[in-house]
Amino acid sequence: MARYNPKEIEPKWRKRWEEAGAFLTGSDRSKPKYYVLEMFPYPSGRIHIGHVRNYAMGDVIARYKRAKGFNVLHPMGWDAFGLPAENAAMQTGDHPETWTRANIKAMREQLKGMGLSIDWGREFATCDLGYYRWQQLLFLEFWKAGLVERRMSYVNWDPVDMTVLANEQVIDGKGWRSGATVERKQLSQWFLKITEKAEDLLAALDDGRLKGWPDNVRLMQRNWIGKSKGLLMKFRFAGEMTAPDGAREVEIYTTRPDTLFGASFLAVAPDHPLAQSYAKDPKVAAFIAECQKSGTSQEAIDKAEKKGLALPLEVEHPFIRGRRLPVYIANFILMGYGTGAIFGCPAHDARDHDFAKKYRLDIIPVVLPPDTDPACYSVAEAPYVGPGTLFNSDFLNGLSVEAGIDAAIARIEAMGAGRASTQYRLRDWGVSRQRYWGCPIPAIHCEKCGVVPVPEKDLPVRLPVVDASAFKTPGNPLDRLPEWRNVPCPECSGPAQRETDTFDTFIDSSWYFARFATDPAAWEKGPVNKADTDYWLPVDQYIGGIEHAILHLLYARFFTRAMKDTGHLSISEPFANLFTQGMVTHATYRDASGKFLLPEEVVLDGDKARRADNGEPVAIGPIEKMSKSKKNVVSPEAIADTYGADAARWFMLSDSPPERDVEWTDSGAAGAWKLVARIWDAVEPAKGAIRSHDLSRPPEGANAELRRATHETIKGVTDDIEGFRFNKAIARIYEFLNALKKHAQRSEGSATDWAQAEALCALTRLIAPFTPHLAEECWETLGGAGLVCAAPWPEADSALLVRQAILLPVQVNGKRRGEISVSPSDDAATVEKAALADPGVIRYLEGVTVRKIVVVPGRIVNIVAN
RNA sequence: GCGGGCGUGGCGGAAUUGGCAGACGCGCCAGACUCAAAAUCUGGUUCCGCGAGGAGUGUCGGUUCGACCCCGACCGCCCGCACCA
């Protein structure tokens with residue numbers, strides 16, 4: 001028997017597919033369309049096992065849908081701008097573009113080697129001028145449509161390197177290269193007004209437009225948008241007090257006006273005008289400066305110790321005559337949310353509670369949890385944030401939290417002190433990056449005319465070529481290119497300067513799916529071609545990591561709306577169905593000096609690890625998402641080299657449910673290879689068997705059993721692919737192979753009998769989405785016509801799925817004691833009788849009285865007795 | 001800190017969504033083939049117990065005829081937190 005040799009067979013079929021143009025996007029628009037897209041990769045240099053998992057899933061869907069008769073679009077490209085290329089430039093001296101292009105070339109070859117059914121004719125990289133030039137046009141159109149704004153915003157500032165840092169580059173509050181304590185610094189930056197679309201982005205989560213999305217992602221997005229109904233109200237300063245800027249009151253926002261009677265202080269953000277008005281006081285100035293000494297990330301702000309500084313100011317309580325509350329500047333209040341000022345109710349808010357304990361403020365409980373005795377109730381140790389009944393609250397006493405909120409708002413409105421208001425947690429999208437390797441923002445700064453858009457006729461603003469040595473100096477090389485930067489103002493022709501910020505790379509990935517849907521013949525004419533996008537969009541199946549559940553998906557949803565507003569698209573939701581795959585994780589390894597090591601550089605010995613080269617001990621770190629920076633990546637090439645691409649694909653899809661994280665282990669890859677060999681060994685002796693595929697003969701005996709197994713497998717695998725249960729589809733194929741083997745043993749020899757021929761043909765088509773090269777080789781061997789990737793999907797014959805007898809387990813008091821054989825048509829009384837007659841059951845009924853018999857048709861019988 | 005998840009044999013996981021816990025695979029054990037090994041094939045493999053039997057799905061409690069599944073509390077791990085992509 002010829003041994004299956006993937007090294008020869010796999011390239012052969014890849015060549016055949018290419019010659020046949022098997023995966024080029026079809027132009028027959030009368031067919032139902034199916035657009036399957038996996039999140040395009042960042043070209044880090046090599047594909048890792050997480051990519052294989054992602055793209056193998058998409059490829060299963062693409063190949064399956066083609067077999068089901070759909071016109072399939074399955075493209076691939078590169079998310080090619082971004083920070084790592086500039087880091088590489090610093091380290092290796094390669095220009096970001098040189099590095100990126102080389103990585104793309106290497107990764108394209110690796111992906112092609114996986115046998116993915118991709119239309120490579122639509123490939124592009126976001127750093128292609130042909131792509132980003134249209135992004136600049138879209139930006140100018142959004143600007144005209146009122147979706148763009150410039151405003152001040154904080155960045156992480158490294159005071160030693162004098163440069164802006166990404167959050168990722170801030171480690172424990174210090175700059176990653178200089179080690180200096182990072183400060184918050186304000187810069188004027190570009191924003192896209194995503195908050196204008198907050199209401200619709202929220203509404204679509206629930207109105208059925210995103211019914212193909214997982215619940216957890218919709219929930220995360222809902223919480224991120226964070227719509228809250230609350231109260232905007234003004235607190236008047238006590239007596240005749242006035243702030244240095246003349247203010248007599250301060251406006252706060254709260255979602256819990258029901259707890260006003262528990263208020264014990266007011267707090268404002270360090271950059272609130274009221275705080276700033278006291279900045280002449282050195283103590284205030286010092287405190288504000290201290291608050292700026294931390295990164296800009298929400299996590300850093302939340303985890304920092306709650307700190308405040310009391311202002312020489314008090315406010316009047318709106319409901320309690322004579323009650324005065326102190327006013328603080330506090331580091332945990334955000335200027336960007338609400339009004340940048342709050343009232344604190346320590347009894348019912350965790351942060352306020354921390355703050356009150358630290359500064360010895362009153363903690364007044366006003367919400368009583370259900371079924372609680374007020375005499376034994378205390379919030380001294382921990383706040384209570386759940387539902388309950390209001391007390392200690394005058395006119396609100398006895399109301400629920402919800403009713404109390406409404407009543408408090410009504411009273412404040414009647415007093416003329418405030419009004420109900422809806423706020424969003426969602427902030428506008430800051431898109432300025434003080435970096436080189438990105439899409440230039442098409443704007444010009446003129447001293448006379450202000451900020452002026454680059455005229456459309458002057459597009460594109462090409463990213464200038466700089467010497468690779470420019471990246472040795474911290475900061476943005478574009479700032480240091482006067483010949484590029486200095487231009488005449490498009491309006492007054494006076495001296496002006498180009499914007500040197502580039503776009504956030506999230507913009508690049510916010511419309512690439514629409515570009516893929518546009519025929520490359522039309523790429524020169526505009527960002528997208530509406531006739532094409534109207535046909536192909538929305539993406540029918542989008543697949544990517546759960547780590548993108550919020551930002552990327554939210555930005556793409558916003559961008560789609562903005563492109564609809566500007567006439568480029570007809571839809572508002574880009575992704576009809578979303579599947580979020582789990583991540584591939586792996587332990588991290590560090591040597592004695594703390595440097596990360598690749599798994600292949602480490603030898604494991606029990607629960608200890610050593611360096612493969614010199615045997616020095618290695619510290620095993622936590623299991624984390626595979627990432628280049630932590631070096632805990634495994635290259636799929638080793639598996640593909642040894643066992644072939646099919647085995648690598650099969651292995652990545654078997655065992656673990658796709659939505660769950662998987663920890664990579666080496667054992668098991670060989671198992672996938674064993675399967676490839678087993679299938680080949682089953683098919684090869686049945687050469688030409690398709691010709692004996694005569695179904696006119698009635699099934700009986702072993703043939704009937706095999707035929708049922710065949711059709712049950714077809715149905716099961718089909719349902720499992722539709723439901724993204726690839727691991728279960730694979731388990732079914734194993735079971736089917738076991739049944740095939742049993743059949744071959746029982747039917748003594750005639751290896752090409754017709755039930756077996758049917759089974760092998762079905763098997764070949766069922767494995768085609770998973771192990772496409774092997775399937776082609778099997779198809780050819782069996783005598784199938786054409787390519788199996790173009791063959792129709794097998795249909796299960798439902799007549800063969802019916803069983804005449806089923807085995808029903810019988811429990812006594814919830815424990816399995818026997819089993820009876822019944823017909824699916826038997827009624828409950830018949831089943832009961834059979835259950836009570838089972839010898840195993842009778843044993844356990846001696847000396848007890850039967851109280852109740854529960855019969856669940858087709859499932860189980862439970863006899864309750866005592 | 002806040003938001004979202006996950007937790008089942010030695011390992012990855014299955015359980016028709018409230019109905020036989022451990023499908024399928026890996027590993028391991030035994031056997032066949034072989035001079036031998038590899039590969040392959042056959043059988044076994046949750047734990048305790050010789051056995052009858054008992055226990056068992058992170059921990060504790062609850063609902064139910066029946067709970068891996070639903071509810072409450074806790075523990076552990078993972079992801080995201082707006083400049084990594």
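Order of the sequence lines fixes the chain letters, A, B, ..., with proteins taken first and strands second; residue numbering starts at 1 for each chain.
Contact between the side-chain N/O atoms of A/Asn862 and the OP1/OP2 oxygens of B/G19 is not found at any separation under 4.0 Å. A/Ser656 has a side-chain polar atom (N or O) that falls below the 4.0 Å cut-off from OP1 or OP2 of B/G13. Using a 4.0 Å cut-off, some side-chain N or O of A/Asn223 falls inside it from OP1 or OP2 of B/G4. The shortest distance between the side-chain N/O atoms of A/Tyr734 and the OP1/OP2 oxygens of B/G12 is not below 4.0 Å. Close to B/G53, at under 4.0 Å from its OP1 or OP2, lies no side-chain N or O of A/Arg816. In terms of phosphate contacts, A/Asn167 brings a side-chain nitrogen or oxygen within less than 4.0 Å of OP1 or OP2 of B/A82. A/Lys815 has a side-chain polar atom (N or O) that falls below the 4.0 Å cut-off from OP1 or OP2 of B/A55. Residue A/Arg843 places at least one side-chain N or O closer than 4.0 Å to OP1 or OP2 of B/G53. Residue A/Lys728 has no polar side-chain atom (N or O) positioned under 4.0 Å from OP1 or OP2 of B/C24. For the pair A/Arg660 and B/G7, the criterion of a side-chain N or O lying under 4.0 Å from OP1 or OP2 is met. Neither OP1 nor OP2 of B/A82 sits under 4.0 Å from any side-chain N or O of A/Arg427.
Comparing atom distances between the A/Leu219 side chain and each of B/A85, B/A82, B/G4 picks out B/G4 as nearest. When distances are taken from the side chain of A/Arg678 to each of B/C41, B/C83, B/C65, the shortest belongs to B/C41. Closest contact between the side chain of A/Thr505 and the listed nucleotides B/A85, B/C20, B/A82 involves B/A85. Nearest to the side chain of A/Glu168, among B/C41, B/C84, B/G80, sits B/C84. Taking only side-chain atoms of A/Asn216, from C-beta outward, the nucleotide of B/G4, B/C24, B/A82 with the closest atom is B/G4. Out of B/G54, B/G19, B/G25, the shortest distance to the side chain of A/Gln811 is found at B/G19. Considering only the side chain of A/Pro657, B/G13 comes nearest among B/G13, B/A82, B/A85. For A/Met220, whose side chain is taken as the heavy atoms from C-beta onward, the closest listed nucleotide among B/C26, B/G4, B/A85 is B/G4. Each of B/C81, B/A85, B/C83 was ranked by its minimum atom distance to the side chain of A/Gln189; first place goes to B/C83. Nearest nucleotide to the A/Leu551 side chain, out of B/C81, B/C65, B/G25: B/C81.
Base engagement by A/Val164 is indicated by at least one non-hydrogen atom pair under 4.0 Å involving a base atom. Counting any heavy atom pair closer than 4.0 Å across all strands shown, A/Phe506 reaches a base atom.
Taking atom P on both B/C71 and B/U64, the two are 16 Å apart, rounded to the nearest angstrom. Rounded to whole Å, the separation between the P atoms of B/A55 and B/G61 comes to 16 Å. Look at the P atom in both B/C70 and B/C26: the space between them is 31 Å, to the nearest Å. Look at the C1' atom in both B/C29 and B/G10: the space between them is 13 Å, to the nearest Å.
In this structure, a donor-acceptor pair under 3.5 Å is absent between the side chains of A/Asp158 and A/Thr163. Between the side chains of A/Thr502 and A/Tyr132, no donor-acceptor pair is found at a separation under 3.5 Å.
Applying the 90° cutoff around 0 to the glycosidic angle, B/G58 is assigned anti.
Remark: of the listed residues A/Tyr512, A/Trp511, A/Phe513, A/Tyr512 is the sole one forming a ring pair (Phe, Tyr, Trp, His ring centres under 6.0 Å) with A/Phe40.
More than 12 heavy atoms of other shown residues, nucleotides or ligands fall within 6.0 angstrom of atom CZ in A/Arg725.
Residue A/Gln169 places no side-chain atom within donor-acceptor reach of the base of B/C84, judged by atom type and a 3.5 Å distance cut-off alone.
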